Novice: 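After the structure tokens below, expect a handful of questions from me.
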Amino acid sequence: EAQVTQNPRYLITVTGKKLTVTCSQNMNHEYMSWYRQDPGLGLRQIYYSMNVEVTDKGDVPEGYKVSRKEKRNFPLILESPSPNQTSLYFCASTPFRGGGANVLTFGAGSRLTVL
Amino acid sequence: AQRVTQPEKLLSVFKGAPVELKCNYSYSGSPELFWYVQYSRQRLQLLLRHISRESIKGFTADLNKGETSFHLKKPFAQEEDSAMYYCALSSNTGKLIFGQGTTLQVKP
């Protein structure tokens with residue numbers, strides 16, 4: 001089944017403890033992206049990648065890192081999480097044919113709580 | 001600056017009433033616009049995109065470049081339409097910008 005898989009789905013951690021949220025897609029998509037969803041603020045793009053070894057900042061990249069060493073994986077790294085990073089995170093992917101992102105396929109979401 | 005604005009956080013209507021979810025955008029170029037929907041306990045999914053000019057689940061959206069709007073409309077709301085709706089804009093640099101989202105509540 002074509003899908004985007006995120007792990008973990010739920011995580012409670014403490015301030016400063018490094019964590020990684022993994023994202024994997026099996027559709028050979030070039031474009032992958034991370035979003036956070038917060039009440040009243042909608043979905044905000046954290047980072048995106050248009051292909052392997054190519055990553056760019058979205059609107060809210062502070063406090064996050066990403067890497068794209070393989071086409072299928074796009075992990076989101078929080079080196080030193082803080083409570084303001086408590087949120088619902090979505091990974092998404094799409095074929096990228098130039099001229100802008102195509103229709104996104106979303107993961108199920110990862111709910112992160114930082115105490 | 002690229003921006004998508006959905007002015008209503010919550011829109012509540014009765015079953016059978018017309019629905020219009022507002023979306024305004026700011027973009028210096030030719031935008032590609034989408035509506036995504038998130039039903040309860042389901043993943044975000046595409047509802048429709050302006051390029052396709054199609055009607056999905058009775059919903060339509062027309063791009064109005066003069067008013068920089070892409071409002072989502074349905075003539076007769078159904079209870080199963082209750083969900084969170086996001087308007088999104090794709091730039092030619094790869095950024096995909098979402099609005100704040102509107103929760104549609106259809107009452108019986």
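In this text the structure is predicted, and so the values were computed from the model without any measurement. Every chain is numbered from 1, with letters handed out A, B, ... down the list of sequences. Only this structure's heavy atoms are used, side chains among them; waters, hydrogens and symmetry mates stay out.
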Novice: Has Phe14(B) got more than 12 heavy atoms of other residues, nucleotides or ligands less than 6.0 Å from its CZ?
Specialist: no
Novice: Is any side-chain heavy atom of Gln37(A) closer than 4.5 Å to one of Tyr86(B)?
Specialist: yes
Novice: Could you tell me whether Lys71(A) atom NZ has more than 12 heavy atoms of other residues or ligands within 6.0 Å of it?
Specialist: yes
Novice: Looking at Leu43(A), Leu104(A), Thr105(A), which hits side chain to side chain contact (heavy atoms under 4.5 Å, CB included) with Leu44(B)?
Specialist: Leu43(A)
Novice: From Phe98(B) CZ over to Phe90(A) CZ, what is the distance, rounded to the nearest 0.5 angstrom?
Specialist: 10.0 Å
Novice: For Leu41(A) and Gln100(B), what are the C-alpha separation, side-chain angles and deciding distance, and is it a side chain to side chain contact (heavy atoms under 4.5 Å, CB included)?
Specialist: CA-CA 5 Å; Leu41(A) 297 175; Gln100(B) 301 91 326; 5.9 Å; no
Novice: Taking atom NZ of Lys107(B) as the centre, does the number of heavy atoms from other residues, nucleotides or ligands within less than 6.0 Å exceed 12?
Specialist: yes
Novice: Around Leu10(B), counting heavy atoms of other residues, nucleotides and ligands shown, do more than 12 lie under 6.0 Å from its CG?
Specialist: yes
Novice: For Arg49(B) versus Val103(A), what's the shortest heavy-atom pair and its separation?
Specialist: NH1-CG2, 3.6 Å
Novice: Please determine whether the number of non-hydrogen atoms from other residues, nucleotides or ligands lying under 6.0 Å from atom CD of Glu80(B) exceeds 12.
Specialist: yes
